[in-house]
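The structure appears right after this line, and notes come after that.
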Amino acid sequence: MSIGYACRTVGVPYTDLKSCTLKNANGANLYKLIDHNLSALENIIDYNIINNVKLFRIGSDLIPFGSSSVNNILWGELFAEKFLKIGEKIKESKMRVSMHPGQYTVLNSPDEGIVKRAIQDLNYHTQVLECLGVGQEHKIVLHIGGVYNDKKVASQRFITHYHYLDESVKRRLVIENDDKSYTIDNVLEIGIALNTPVIFDNLHHAINAYDKEKSDDDWIKVCKKTWQKKDGNQKIHYSQQDPLKKIGSHSHTIRIDEFIRFYEGIETEKLDIMLEVKDKNLSAVKCINATNKDKKIQTLEMEWGKYKYTVLESSPSDYLEIRKLLTNKSDYPVISFYNLIESALQKECTARNTINAALHIWGYFKNIAEDKEKNRFLKSIEDYKQEKTSVRTIKNNLWKMSIKYQQPYLLGSYYFVL
DNA sequence: TGACGTCAAGATCCG
DNA sequence: CGGATCTTGACGTCA
């Protein structure tokens with residue numbers, strides 16, 4: 001059983017993917033971007049290995065304009081070694097990766113040109129995974145596409161167009177229910193016809209279900225039958241509704257109580273769970289720690305080190321509460337721990353608490369900072385008090401100091417990104 | 001024709 | 001001039 005996250009990290013230095021606009025997409029630029037992005041991907045994979053994350057979705061923008069003819073450089077060959085090095089790390093650590101073309105890759109379109117581009121896009125995604133040298137259990141997830149006033153005809157067209165795909169693409173392709181058009185039973189019908197694995201997405205299903213007679217667990221069991229041994233473990237997507245945003249919007253973080261309720265209601269033995277959530281790796285690590293059989297307080301102490309200053313600026317009372325929670329070294333109060341962090345992070349930061357936390361961070365530098373740096377920090381605090389600047393300015397300033405003076409504890413802190 | 005979703009690039013504004 | 005903040009881009013479907 002693995003739990004993972006999609007595309008990018010939060011709070012992990014040197015893991016951002018870069019891109020460019022169409023008009024700047026020339027060979028020299030693209031070469032630099034790809035080189036940078038592959039290094040970033042390697043850093044993400046390294047982070048995953050260190051943090052015991054065994055499931056990860058590689059972002060489609062790894063190769064900018066990867067499926068477009070404007071990108072005509074032979075990136076597969078030019079970066080072959082870099083790809084293979086990353087692929088080796090993935091295989092060695094038994095990580096499973098995947099890719100997921102976006103909502104604009106539509107295989108079942110009645111428009112020939114759009115179908116052609118969709119096929120090119122699927123070829124591109126396949127090529128990335130092949131360059132890494134990873135097996136066919138490393139999947140490409142696709143939605144069915146548009147309805148065009150007749151879902152039966154449109155489903156049939158998906159099946160017809162599927163047969164245009166290269167064997168290497170078909171081997172990896174899996175299909176998923178969406179939040180507007182194709183319900184899980186629609187997708188299963190196509191999946192069974194094509195002998196293609198089906199991904200169950202719980203939030204899409206909650207919004208767009210043919211009938212709600214069956215539970216999530218029931219549907220997961222039905223989908224399981226579409227996964228064969230060669231496909232690897234069954235995969236599902238899991239996300240939660242953001243309570244403040246419109247229907248279908250992913251939550252900022254995975255609420256741990258709600259996740260555990262879901263987790264305990266399904267058969268997880270041979271199941272991989274891809275989380276779709278704004279805070280990415282933070283929620284993945286949270287859910288991994290909450291379901292881990294290896295219950296060590298050190299795991300929570302490390303997590304606390306990353307969250308503590310964010311908690312301090314949101315809620316000093318929760319800060320004290322969590323410290324108390326972690327005093328018994330033989331305990332593993334993982335659920336209470338994350339509940340307290342979630343509750344703290346929901347609270348509005350008062351100006352007083354914001355400044356208090358900033359001064360705590362400043363404590364790392366006050367004896368080593370140059371006068372110029374000290375003045376800049378004090379000025380940012382003054383400006384903030386007078387509402388002339390946002391807390392961003394203070395944090396960006398302190399972040400630069402953390403890099404300059406190489407404070408490892410601060411470089412891993414979520415204070416700068418949450 | 002614009003909303004939808006996503007997030008970095010690119011543009012512009014500010015001190 | 002550097003940094004913060006706002007706007008655009010790139011894609012296809014649907015109302």
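To find a chain, count down the sequence lines: A is the first, B the second, and so on, and within it residues start at 1. All values below come from the heavy atoms of this structure, side chains included, with hydrogens, waters and symmetry mates left out.
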side-chain N/O [X] vs [N] OP1/OP2, d < 4.0 Å:
X: A:Ser390; N: C:dT5; result: yes
X: A:Thr21; N: C:dG9; result: no
X: A:Ser109; N: C:dT13; result: yes
X: A:Lys400; N: C:dG3; result: yes
X: A:Asn396; N: C:dA4; result: yes

Q: Compare every heavy atom of A:Tyr162 with every heavy atom of A:Leu194, then report the nearest pair and how far apart it is.
A: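 Scanning both residues completely, I find the closest heavy atoms to be CD2-CD2, 3.4 Å.
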(Q) Checking the side chain of A:Thr160 only, and the main-chain atoms of A:Gln156 only, is there a donor and an acceptor separated by less than 3.5 Å? (A)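 Flag set: sc A:Thr160 to bb A:Gln156 pair under 3.5 Å.
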Q) Under 3.5 Å, side chain of A:Lys385 to main-chain N/O of A:Arg352, donor-acceptor pair present? A)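 Checked: no pair found.
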Q. With the threshold set at 4.0 Å, does a side-chain nitrogen-carboxylate oxygen contact exist between A:Asp16 and A:Arg8?
A.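 Looking at A:Asp16 and A:Arg8, the cut-off is not met.
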Q) With nearest nucleotides of DNA chain C determined for A:Ile114 and A:Thr393 from heavy-atom distances, which residue corresponds to the more 5′ nucleotide? A)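 Of the two residues, A:Thr393 wins.
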Q: Name the closest nucleotide to the A:Val147 side chain, picking from C:dG12, C:dC14, C:dT5.
A: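 Closest nucleotide among those given: C:dC14.
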Nearest whole Å is fine: how far is [N] [atom2] from [X] [atom1]?
X: A:Asp279; N: B:dC7; atom1: CG; atom2: P; answer: 12 Å
X: A:Leu22; N: C:dA10; atom1: CG; atom2: P; answer: 5 Å
X: A:Lys18; N: B:dT6; atom1: NZ; atom2: P; answer: 23 Å
X: A:His252; N: B:dT6; atom1: NE2; atom2: C1'; answer: 15 Å
X: A:Arg8; N: B:dT6; atom1: CZ; atom2: C1'; answer: 9 Å
X: A:Asn397; N: C:dA4; atom1: CG; atom2: P; answer: 8 Å
X: A:Leu142; N: C:dG12; atom1: CG; atom2: C1'; answer: 13 Å
X: A:Leu17; N: C:dA10; atom1: CG; atom2: C1'; answer: 16 Å

Q. More 5' along DNA chain B: A:Gln103 or A:Lys379, using each one's nearest nucleotide?
A.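 By nearest-heavy-atom nucleotide position, the 5'-most residue is A:Gln103.
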Q: Select from A:Gly248 and A:Asn24 the residue whose nearest nucleotide in DNA chain B is closer to the 5' end of that strand.
A: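 With A:Gly248 and A:Asn24 compared, the 5'-side residue is A:Gly248.
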Q: Assign A:Lys246 to base, sugar-phosphate, or nothing according to its heavy-atom contacts below 4.0 angstrom with the strands shown.
A: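 Contact class for A:Lys246: sugar-phosphate only.
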(Q) Under 4.0 Å, heavy atoms only, any strand: does A:Gly102 hit a base, just the sugar-phosphate, or nothing? (A)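 If one applies the 4.0 Å heavy-atom cut-off, A:Gly102 turns out to touch nothing in the nucleic acid.
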Q: Go through the N and O atoms of the side chain of A:Tyr104 and the base of B:dG5, and report whether any donor-acceptor pair is under 3.5 Å.
A: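 A donor-acceptor contact between them is present.
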Q: Give me the one residue out of A:Lys224, A:Lys235, A:Lys94, A:Arg96 that meets salt bridge (Lys or Arg N to Asp or Glu O under 4.0 Å) with A:Asp272.
A: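 With A:Asp272 as partner, A:Lys224, A:Lys235, A:Lys94, A:Arg96 yield a single salt bridge (Lys or Arg N to Asp or Glu O under 4.0 Å), made by A:Arg96.
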